[in-house]
Amino acid sequence: MAVDGSKNASLPLMAAALLADAPVTLRRVPNLSDVANMAHLLAELGCETDATHGTMTLNNVDTSLTHARYDIVRTMRASICVLGPLVARRKIARVSMPGGCSFGARPIDLHLKGLEALGAKIQLDGGDIVVSADRLKGATIFLGGAFGSTVLGTANIMSAATLAQGTTTIESAACEPEIVDVADLLTKMGAKITGAGSPRITIEGVEQLGGADHHVIPDRIVAGTYAIAAAITNGDITFQDFPYDYLLAVIDSLKQVGVDVRKVDESEDSRCCRVQVTSSRRLKPVRVTTQPYPGFPTDLQAQMLALLCLAEGNSIITEKIYPERFLHVAELTRMGAQIFREGPTVVVQGSPKLVGAPVMASDLRASASLVLAGLAAEGETIVTRVYHLDRGYMQMEETLAALGANIERFDPDKELAREIAEGPESTEPLIETTMPVKTVKVS
Ligand code: EPU
């Protein structure tokens, strides 16, 4: 299977186009609801987007617009990425203050601290953050927080600093591959950036940025999710563009569990190569702690937890990025999982099987973990609120069905008609997953 372009790179890449004085073309942009929301937000900010078959062209046609409204920001926290580019290029940004999300508080204090250090004036007005500066000024900024570095905060400050007067140094910068991708695009646009991918990024401000043509990196979280799908179903998947280098912590944990993750051709570039993932179902328990990159990503914690429910022994998962990101635990328990939580740590007592049940998705990655659990469970699993999945996985049910899973999305309208005829069950869109054959094979 092919791995789609990264959502978490595409969103700040799209926002970075606000800095450009000429069209920016992004390739391999995934067709996801979060990407559509960002395109909608950019359109409201006078940046037209034109997308066909994963190629998106972004063009600033009205640079007088500066307000990211609550209606859009509340649907997607990543809207905060427009803050830095807007104030740098348009001198003022008014962005609705994002609220918390289903897995806890998600403050933006580090984004604001960084912009303030660059000389911006920051005010709160009617629920909006208003950030203004005639021209930002380079500075040395420590961007670390209680939970480590901030990914979108680093993207925001790095993007803003490209047009600042003088040199900016970001210390304790996020090292995620998505940050390197944003730096690569900005560099193609004319920015002067060194150190992206390390904890110290230096940006020498320039007067203006032009257009560029850029391929988005493959999505490491999507690749990791399907690798765990192969593991949990005792399956066999060969990936075409597997970001092996970006997933070393995950591959290490999977190997400890007993999953075989193998480059098909050792000589290929490890950033994007062919990889085969197979498993023989005798899963060993493991200890996993989520950490900033290059540690085990929080965005694969829920999926790994689903896998460890079937290991032979007790596993421990500690969540160090979002200590409350455990909404999937109660739902997995409904499927027979034995999970005990103590603050940011869960102990997973592995059992030989999970049983299908109706379960509810609460956020993007939790939804993915429930689908994976459903693939391995005995009997039928019905996952409701799967619109969360569409934020980060392109037609997940179609991809899994093509790999051999018995999975289907219900049409909500047809479902409603059925409910009226047969009585209520749920008004949410549904995914049904059953996996009578415990092997996933690539076609
Ligand atoms: N934090 C602060 N202050 C800030 C910003 C962050 O205290 O100003 C804290 C957060 O509360 C968290 C930690 O720092 O505890 C890391 O948060 P970060 O800012 O790195 O998260 P983010 O940039 O808002 C991105 C991804 C998330 C992913 C995190 C961590 C995008 C669009 N989102 O969020 O992805 O979980 O990094 O890797 O890139 C997902 O795709 O499902 C998802 C939630």
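Atoms within each ligand, like the ligands themselves, are counted from 1 in listed order.
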Distance to 0.1 Å, residue and atom name: give those for the protein heavy atom nearest to [atom].
atom: atom 17 (O) of ligand 1; answer: Tyr322 OH, 3.5 Å
atom: atom 24 (O) of ligand 1; answer: Arg106 NH2, 3.2 Å
atom: atom 23 (O) of ligand 1; answer: Leu152 N, 2.8 Å
atom: atom 32 (C) of ligand 1; answer: Asn8 OD1, 3.2 Å
atom: atom 42 (O) of ligand 1; answer: Arg365 NE, 2.9 Å
atom: atom 44 (C) of ligand 1; answer: Arg325 NH2, 3.5 Å
atom: atom 8 (O) of ligand 1; answer: Leu110 N, 2.7 Å
atom: atom 14 (O) of ligand 1; answer: Phe147 CB, 4.0 Å

For ligand 1, which atoms, with element, lie under 4.0 Å from some heavy atom of [X]?
X: Ile108; result: 4 (C), 8 (O)
X: Ala78; result: 32 (C)
X: Ser149; result: 16 (C), 20 (O)
X: Leu364; result: 42 (O)
X: His111; result: 8 (O)
X: Asp299; result: 27 (C), 28 (C), 35 (O), 36 (O), 40 (C), 41 (O), 42 (O), 43 (C), 44 (C)

Per-residue contact class, [X] against ligand 1 - non-hydrogen pairs under 4.0 Å:
X: Ile321; answer: both
X: Pro107; answer: both
X: Val151; answer: both
X: Met76; answer: neither
X: Lys7; answer: side chain
X: Thr150; answer: both
X: Tyr293; answer: neither
X: Pro292; answer: neither

request  = For Arg409 and Asp390, run salt bridge (Lys or Arg N to Asp or Glu O under 4.0 Å): C-alpha distance rounded to whole Å, both residues' side-chain angles, the deciding distance at 0.1 Å, then the answer.
outcome  = CA-CA 12 Å; Arg409 184 181 291 237; Asp390 299 328; 2.9 Å; yes
inquiry  = Is it the case that over 12 heavy atoms from other parts of the model lie below 6.0 angstrom from the NZ atom of Lys113?
reply    = yes
task = Kindly check if the number of other-residue, nucleotide or ligand heavy atoms within 6.0 Å of NZ (Lys121) is above 12?
result = no
Side-chain donor-acceptor pair present, [X], [Y], cut-off under 3.5 Å:
X: Asn156; Y: His111; result: yes
X: Ser132; Y: Lys91; result: no
X: Tyr244; Y: Arg274; result: no
X: Thr298; Y: Arg325; result: yes
X: Gln301; Y: Thr290; result: no
X: Tyr393; Y: Thr225; result: yes
X: Asn60; Y: Arg90; result: yes

Is it the case that ligand 1 has an N or O less than 3.5 angstrom from some N or O of [X]?
X: Leu11; answer: no
X: Thr298; answer: no
X: Gly153; answer: no

Charged N-O contact under 4.0 Å between [X] and [Y]:
X: Arg391; Y: Asp34; result: yes
X: Asp21; Y: Arg89; result: yes
X: Glu324; Y: Arg341; result: yes
X: Arg94; Y: Asp125; result: yes

key: Side chain proximity check, Met56 to Thr25, heavy atoms < 4.5 angstrom   = no
